[in-house]
Colleague: 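The structure under discussion is supplied below as structure tokens; questions concerning it will follow.
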Amino acid sequence: MPELPEVETVRKGLVTLVQDKTVAEVIVRWPKIIESPAVDTFCQKLIGQVINDIARRGKFLIFEFTDFDLISHLRMEGKYEYTPKNTEAPVDKHTHVIFKFTDGSQLSYHDVRKFGRMALVEKGQYPFYKGIKQLGPEPVEEEFSLQAFEKKLQHSSSLIKPLLLNQKVVAGLGNIYADEVLWLAKIHPQQPARTLTKKEAESLHQAIIAILAKAVRAGGTTIRSYKNALGEAGFFQVSLNVYGKTGEPCPRCETPIKKIKVAQRGTHFCPHCQKLKRRKLS
DNA sequence: CGCAATGTTCGAAA
DNA sequence: TTTTCGAACATTGC
């Protein structure tokens with residue numbers, strides 16, 4: 001399940017594999033993946049286009065072509081797989097889009113759940129695309145300011161975990177890292193956001209930056225293995241402290257990790273380190 | 001067989 | 001108007 005670190009790792013892998021390649025043909029086997037424009041237009045427009053660079057914003061990948069930006073979101077299980085020239089490209093029922101390059105190599109998009117989406121927009125227009133234009137800051141020190149974050153917490157009536165999943169607050173956190181970040185900051189996932197103390201907000205802010213940076217450095221988590229697609233490196237296992245560890249001892253205090261549901265999402269936390277605090281609203 | 005899982009969008013509710 | 005909630009989306013795997 002690609003969250004920011006996985007998408008960033010995919011981006012790096014793609015740059016090394018397909019930068020500067022020219023599209024010869026595009027085949028779409030599952031049209032719903034292409035959000036816009038119409039599928040034939042999408043395929044036609046890409047012919048002859050060169051991939052100048054590949055960028056990322058939140059969990060979105062952006063292929064910067066000569067005249068267009070191709071926005072790609074992997075959602076839950078989207079993957080890219082690269083096939084060198086003179087190699088047989090694997091095509092199965094999960095292969096939905098195939099980009100063939102003029103040098104004989106190709107890039108195919110696979111997605112078991114068919115939830116991923118692609119859209120082609122005019123060059124330079126990706127920041128205005130619906131999912132992207134409303135994204136909050138990238139979770140790195142320079143962009144993600146503590147002041148702005150505290151303000152969002154103060155003014156929100158939601159619980160802290162759903163707030164972290166809201167991409168308008170900070171871009172790139174998903175269900176896995178949201179649990180990890182709350183564990184590190186010792187905050188209960190159901191704590192109302194506006195009841196966090198200044199100290200808690202600060203440690204949460206730090207935890208978000210630290211955990212994502214560490215995961216990016218490590219090359220992304222892998223719940224499931226991500227195939228070779230994206231680069232020789234492969235993916236290291238980032239060690240998770242709470243996500244998927246139901247019943248296992250908390251790495252800090254040995255209390256068994258609990259799993260509950262918060263805003264319809266499976267949520268893992270340590271009932272000893274992360275206590276729900278009853279606080280009067282000021 | 002029924003349901004959980006996942007991220008985003010959309011429509012409804014507040 | 002804005003924010004939040006819940007359904008929908010597609011499919012697999014338990």
Side-chain angles (χ1 to χ4, degrees), chain A residues 1-11 28-36 56-62 71-80 92-97 109-119 121 126-136 138-139 148-149 151-181 189-195 208 212 215 220-227 240 242-247 257-269 281:
Chain A
M1 298 113 213
E3 300 182 28
L4 186 150
E6 291 77 22
V7 177
E8 178 60 16
T9 306
V10 169
R11 187 195 70 77
V28 175
R29 306 174 78 240
W30 190 262
K32 287 192 92 169
I33 301 282
I34 312 302
E35 207 158 61
S36 67
R56 180 193 57 74
R57 181 75 174 90
K59 303 172 198 168
F60 291 84
L61 279 170
I62 300 104
I71 299 156
S72 167
H73 197 299
L74 308 172
R75 294 285 182 96
M76 299 188 278
E77 300 213 25
K79 311 170 173 56
Y80 280 100
D92 60 26
K93 62 176 177 174
H94 303 313
T95 310
H96 306 312
V97 183
Y109 177 75
H110 302 251
D111 194 336
V112 172
R113 302 266 162 97
K114 296 177 174 167
F115 253 28
R117 292 292 178 263
M118 292 183 197
V121 299
Y126 83 79
F128 309 107
Y129 175 74
K130 71 176 142 86
I132 295 182
K133 68 177 176 214
Q134 49 188 2
L135 289 178
E138 288 287 316
F149 181 58
K151 206 163 182 178
K152 291 241 171 77
L153 296 180
Q154 287 299 316
H155 294 135
S156 170
S157 63
S158 93
L159 305 178
I160 188 61
K161 173 156 179 189
L163 179 133
L164 292 179
L165 293 174
N166 182 345
Q167 304 295 300
K168 291 175 191 165
V169 176
V170 53
L173 281 176
N175 203 37
I176 298 170
Y177 290 111
D179 283 0
E180 292 297 316
V181 150
Q190 288 174 307
Q191 191 71 43
R194 66 171 150 221
T195 66
I208 292 168
L212 292 180
T221 321
T222 34
I223 296 293
R224 303 209 181 169
S225 74
Y226 246 87
K227 279 218 151 166
L240 298 176
V242 280
Y243 186 89
K245 307 279 187 190
T246 314
I257 298 300
K258 236 176 128 173
K259 181 173 180 181
I260 57 172
K261 205 151 248 218
V262 179
Q264 286 90 246
R265 295 290 181 246
T267 298
H268 311 72
F269 73 107
L281 302 174

Colleague: Rounded to the Å, how far apart are A/Gln134 CD and B/dC10 P?
Modeller: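 Rounded to the whole Å, the gap is 9 Å.
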Colleague: How long is the line joining CD of A/Glu6 and C1' of B/dG7, in whole Å?
Modeller: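 Rounding to the nearest Å, CD of A/Glu6 and C1' of B/dG7 are 13 Å apart.
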Colleague: If each of A/Ser158 and A/Phe115 is mapped to the nucleotide of DNA chain C with the nearest heavy atom, which maps nearer the 5' terminus, i.e. the 5' end?
Modeller: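 Its nucleotide being nearer the 5' end, the pick is A/Ser158.
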Colleague: If the cut-off is 4.0 Å, is A/Lys259 near the phosphate of B/dA5, judged by side-chain N/O to OP1 or OP2?
Modeller: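 A/Lys259 to B/dA5 OP1/OP2: side-chain N or O found under 4.0 Å.
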Colleague: Does A/Lys59 make a side-chain N or O approach to OP1 or OP2 of B/dT8 shorter than 4.0 Å?
Modeller: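 Looking at the OP1 and OP2 atoms of B/dT8, one of them is under 4.0 Å from a side-chain N or O of A/Lys59.
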Colleague: At under 4.0 Å, does any side-chain N or O of A/Ser156 touch on OP1 or OP2 of C/dT4?
Modeller: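 Affirmative; the distance criterion is met.
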Colleague: Quiz question: by atom type and distance under 3.5 Å, do the side chains of A/Asp111 and A/His96 form a donor-acceptor pair?
Modeller: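 Absent: no donor and acceptor within the cut-off.
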Colleague: I want to check one thing: is the phosphate of B/dA5, taken as OP1 and OP2, less than 4.0 Å away from some side-chain N or O of A/Lys261?
Modeller: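 It does, given that an N or O in the side chain of A/Lys261 lies less than 4.0 Å from OP1 or OP2 of B/dA5.
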Colleague: In whole angstrom, what separates A/Glu77's CD from C/dG13's C1'?
Modeller: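 One finds 11 Å between C1' of C/dG13 and CD of A/Glu77, rounded.
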Colleague: Which nucleotide in the list B/dG7, B/dA5, C/dT12 gets nearest to the side chain of A/Val112?
Modeller: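 It is C/dT12.
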Colleague: Please report, rounded to the nearest Å, how far the P atom of C/dT4 is from the NE2 atom of A/His155.
Modeller: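 Roughly 11 Å, once rounded to whole Å.
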Colleague: Donor-acceptor check, side chain of A/Lys79 to backbone of A/Glu77, threshold 3.5 angstrom: yes or no?
Modeller: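 Checking the backbone N and O of A/Glu77 against the side chain of A/Lys79, a donor-acceptor pair under 3.5 Å is found.
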Colleague: Would you mind reading off the distance between A/Ile132 atom CD1 and B/dT8 atom P, rounded to a whole angstrom?
Modeller: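 Spelled out: CD1 on A/Ile132 to P on B/dT8 is 11 Å.
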Colleague: Can a side chain N or O of A/Gln167 be found less than 4.0 Å away from OP1 or OP2 on B/dT8?
Modeller: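 Checking B/dT8 against A/Gln167, a side-chain N or O does come within under 4.0 Å of OP1 or OP2.
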Colleague: Whole Å only: how far is the CD1 atom of A/Ile71 from the P atom of B/dT9?
Modeller: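 It is 11 Å, rounded to the nearest whole Å.
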Colleague: Closer than 4.0 Å, any side-chain N/O of A/His73 to the OP1 or OP2 of B/dT8?
Modeller: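 So the side chain of A/His73 is within the cut-off, an N or O lying under 4.0 Å from OP1 or OP2 of B/dT8.
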Colleague: Hey, is the side chain of A/Arg265 pairing donor to acceptor with the base of B/dG7 inside 3.5 Å?
Modeller: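 Answer yes: a donor N or O sits under 3.5 Å from an acceptor.
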Colleague: What is the distance from CZ of A/Arg75 to P of B/dT9, rounded to the nearest Å?
Modeller: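 Distance, rounded to whole Å: 6 Å.
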Colleague: OP1, OP2 of C/dT4 versus side-chain N and O of A/Ser157: anything below 4.0 Å?
Modeller: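 Result: yes.
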Colleague: Could you tell me the separation between the CG atom of A/Leu135 and the P atom of B/dG7, rounded to a whole number of Å?
Modeller: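 A/Leu135 atom CG is separated from B/dG7 atom P by 14 Å.
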Colleague: If you count the non-hydrogen atoms of other residues, nucleotides and ligands that lie under 6.0 Å from NZ in A/Lys258, is the total more than 12?
Modeller: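 Counting other residues, nucleotides and ligands, NZ of A/Lys258 stays at 12 neighbours or fewer.
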Colleague: Can you name the nearest heavy-atom pair linking A/Arg57 to A/Leu135, along with the distance?
Modeller: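 So the minimum-distance heavy-atom pair works out to NH2-O, 3.4 Å.
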Colleague: When you measure from the side-chain N and O atoms of A/Lys130 to the phosphate of B/dT9, is any distance below 4.0 Å, counting only OP1 and OP2?
Modeller: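 The answer is no; no side-chain N or O of A/Lys130 sits under 4.0 Å from OP1 or OP2.
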Colleague: Show the nearest heavy-atom pair for residues A/Leu173 and A/Leu165, with the distance to one decimal.
Modeller: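 Reported closest heavy-atom pair: O-CD2, 4.2 Å.
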